[in-house]
Amino acid sequence: MPQPLNQPRFDARPGQTILVVDDDPVTRAIARKFLEKDGYRILEASDGEAGLAMFKDQAPDLVLTDFSMPGMSGADLTRAIQRYIREHYGGLAVYVPIVILTSLGQPEVLKQALEAGAVEFLMKPFTGPELRTRVHAIAQAAAAHAALLVRAAEEQDEIAVLKHLLEHLLEYGRASLPEGFLMETLATRRINGDVCVHHAGAPGIHFGLLCDPMGHGLLAGISGIPTIEVFNTLAGIGLPLPRILSGINLRLFHLMPRHRFSCALLFRLDRHTGSLSVLNAGMPDAMVFHRDGSLTRFASTSVPLGILEDLGPLSMELRQLEAGDCLFGCSDGLTDLVPEQDLLACLRAGDAAAFPGRLRALLDQRVQDRELADDVSWFLWPYRPDALGQAPPPGPTDLTDASVPCLSLRLRFYPSVQAYDELAPNLAAFLASQGAPGSATQALSVVLSEAIMNAVDHGLLGLDSALKTSFETFEAERSARLGADPQGAVELLAVVHRAADGSFSHVWIQVTDPGQGFDWRSQLADRGDPAALLHGRGLTLIRALARDLSFNDTGNIISFSIYSA
Amino acid sequence: MAYRTVIEAGRATVFLDGRISFRSYPDFRAATQLALEDLEVQAIHLDMAGVEFLDSSALGMILHFNQKAIAAAKALAITRPAPPIATILQVVNFGKLVTILP
């Protein structure tokens, strides 16, 4: 790597230059005679002014200067050289040791020289071997010092590059931050490994990511780059949260060393409807503070990212926000510092806009003058459905070329009075008219039928799967319960996405039933040969034919996607 | 769902058409009843060349019918499923329970 021009670095390598400034020619002659034996190039100046001029011109690696000289003293010269180095070399890794030669042993003289920036004294008169020994010792210390400076400068350069990359990756999301969205990142070192990213999707749709890679500083910051890139790309095409999380996980799994992992919190909020989805992989509980004082938690439901190639079925929490509710998420750097009860008190203490100030005061009280042990990040978003966000600015090329949601359908049906089993084939036929290929419409027809049937049979009618051991008993019970006019509706949301060329990309479906849900985790666990199952074939079909399968915690909301390929 | 049953030489072939779901159960039962009760019939084929859709309820229905066929000492087979139907049968490993013929 090329070094900056004229960058002095005294590390006792032969051929380096030593400037000797002394009005006594004998001292200069001794220095020349003995130090030239060690291969140094010797420069001589008889006073401070000449010494400073020679320093500027020749950029020596070490300066030996007399303390008492006519005109500029050794202390003055030392100050002038240090000032010149600061002004001329700026932030470069430059270290030039200055040694004061003096016959004055008074403490006041030594103090002046030290304060001026000298590193060492040599009492006159000295012998040649004594000078050589002292210069050798200074050279060793200077070499260690210079190496530290070089490493610090390199790290500064690396951090500057990383900061530039992160700023570039984050700028699109920051430019479209919704009104009232607050976030902060505090770094334990000069760069924060935690990442808080926002992405504005279709009008009213906001995606957020809070990511805490293992460790902090440069290493953690590097992990953030692929995370942000995948998040921006997949959120840009409106994929469901499980798909985004899986995408990030896969990238980290294949890209990062095995022992590194990242925790992540993803959310998606539709500001028009207040529909909030949260997916937590190893982060502290995200929370919604409801206007009525209640609290909803979103606990981690997945292992951190980068450990397993396949995260398996993901549980996505879905909630409906009301005006005045606040969504909050943070990294464990904050929860480690501030006990949850104090954090909750801080959040509830007053206006959300003043929360950063209150939290900062709390952190200052906890941290005081110590360095943070871990990066601290948080976001707070008071939900205001009536405050429309700014239109998102044009995104990077790869985002504008990506697929976008182009059509959404929201249906609510009452199974007791409607032929709900016709919904799936009708929707599949409609998608076929929108250009969906036959393979996708056939898969959708089956998967959606199964999801609707589960919602009705188990969610609305409360039928127990154990009844399926007798087909006729199950059918008779279903007919009886349907005929009893059950109350409640099943809701269906379908969002169609198109690719940049206008072709069908995928459809995302969410089916919500009013029931108590079911233990989907045990149902999705490996249950052996599906042929041997008494029930559960519907879920087997859904799992095989759909992608992005997810449930809410209780299991009464299922979502999945069907892709064109 | 539409159906047509043909019985000849000890084999009953039930031609099924359209969509088979839980609502098809009355028709399915009617379509298969004759084959099940005919003492001359030793083999029953469910011809699915015309089936466009099949869900897990329909699979349950077929399994239920298979149990009845076994009890009546008759061999049940599913024949000529179209590719999408064959995929569904394959996903749930249905071939382990009922003979599937191309």
Side-chain angles (χ1 to χ4, degrees), chain A residues 415 418-426 428-429 437-454 456-458 461 463 465 467-479 482 527-546, chain B residues 1-2 16-33 36 46 48-72 76-78 81-100:
Chain A
Q418 293 178 24
Y420 59 87
D421 57 322
E422 294 300 320
L423 277 174
N426 284 337
S439 58
T441 56
Q442 283 156 358
L444 176 67
S445 187
V446 174
V447 174
L448 185 54
S449 287
E450 297 297 341
I452 289 175
M453 202 149 52
N454 273 336
V456 174
D457 289 353
H458 306 300
L461 304 180
L463 287 165
S465 291
L467 286 172
K468 288 184 176 175
T469 52
S470 167
F471 179 81
E472 285 178 327
T473 304
F474 187 82
E475 289 306 311
E477 192 62 34
R478 189 211 313 254
S479 296
L482 275 173
R527 301 166 71 209
D529 187 351
L533 300 176
L534 292 173
H535 52 80
R537 288 190 186 83
L539 208 50
T540 303
L541 286 172
I542 293 174
R543 199 175 183 187
L545 301 177
Chain B
M1 185 194 86
L16 302 169
D17 280 292
R19 298 172 50 78
I20 311 180
S21 69
F22 72 92
R23 288 197 194 273
S24 312
Y25 184 55
D27 287 340
F28 183 81
R29 188 170 52 186
T32 54
Q33 192 69 21
L36 202 61
L46 297 179
M48 291 202 172
V51 173
E52 301 162 358
F53 173 87
L54 190 72
D55 67 9
S56 61
S57 283
L59 295 173
M61 202 155 62
I62 294 169
L63 284 184
H64 177 63
F65 177 62
N66 188 42
Q67 288 166 355
K68 288 184 175 178
I70 291 169
L76 177 66
I78 292 171
I85 304 301
T87 300
I88 291 171
L89 297 173
Q90 189 180 11
V91 165
V92 296
N93 210 3
F94 216 61
K96 264 196 165 181
L97 305 172
V98 179
T99 304
I100 299 174

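Note on naming: letters A, B, ... go to the chains in the order of the sequence lines (proteins, then strands), and numbering restarts at 1 for each one.
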Taking only heavy atoms into account, what residues of residues 51-60 of chain B are found under 4.5 Å from chain A? Phe53(B), Leu54(B), Asp55(B), Ser56(B), Ser57(B), Leu59(B), Gly60(B)
Within this structure, what is the [atom1]-[atom2] distance for the pair [X] and [Y], rounded to the nearest 0.5 Å?
X: Arg537(A); Y: Leu63(B); atom1: CZ; atom2: CG; value: 4.5 Å
X: Thr87(B); Y: Leu545(A); atom1: OG1; atom2: CG; value: 7.5 Å
X: Arg23(B); Y: Tyr420(A); atom1: CZ; atom2: OH; value: 5.5 Å
X: Phe22(B); Y: Met453(A); atom1: CZ; atom2: CE; value: 7.0 Å

Quick one: are Ser445(A) and Arg19(B) in side-chain contact, heavy atoms under 4.5 Å?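 Yes - at least one pair of side-chain heavy atoms lies under 4.5 Å apart.
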Interface residue of largest heavy-atom contact number with chain B, from Ala544(A), Ala424(A), Pro425(A), under 4.5 Å: Pro425(A)
If you count heavy atoms of other groups shown closer than 6.0 angstrom to CD of Gln90(B), is the number above 12?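 It does not: Gln90(B) CD has 12 such atoms or fewer within range.
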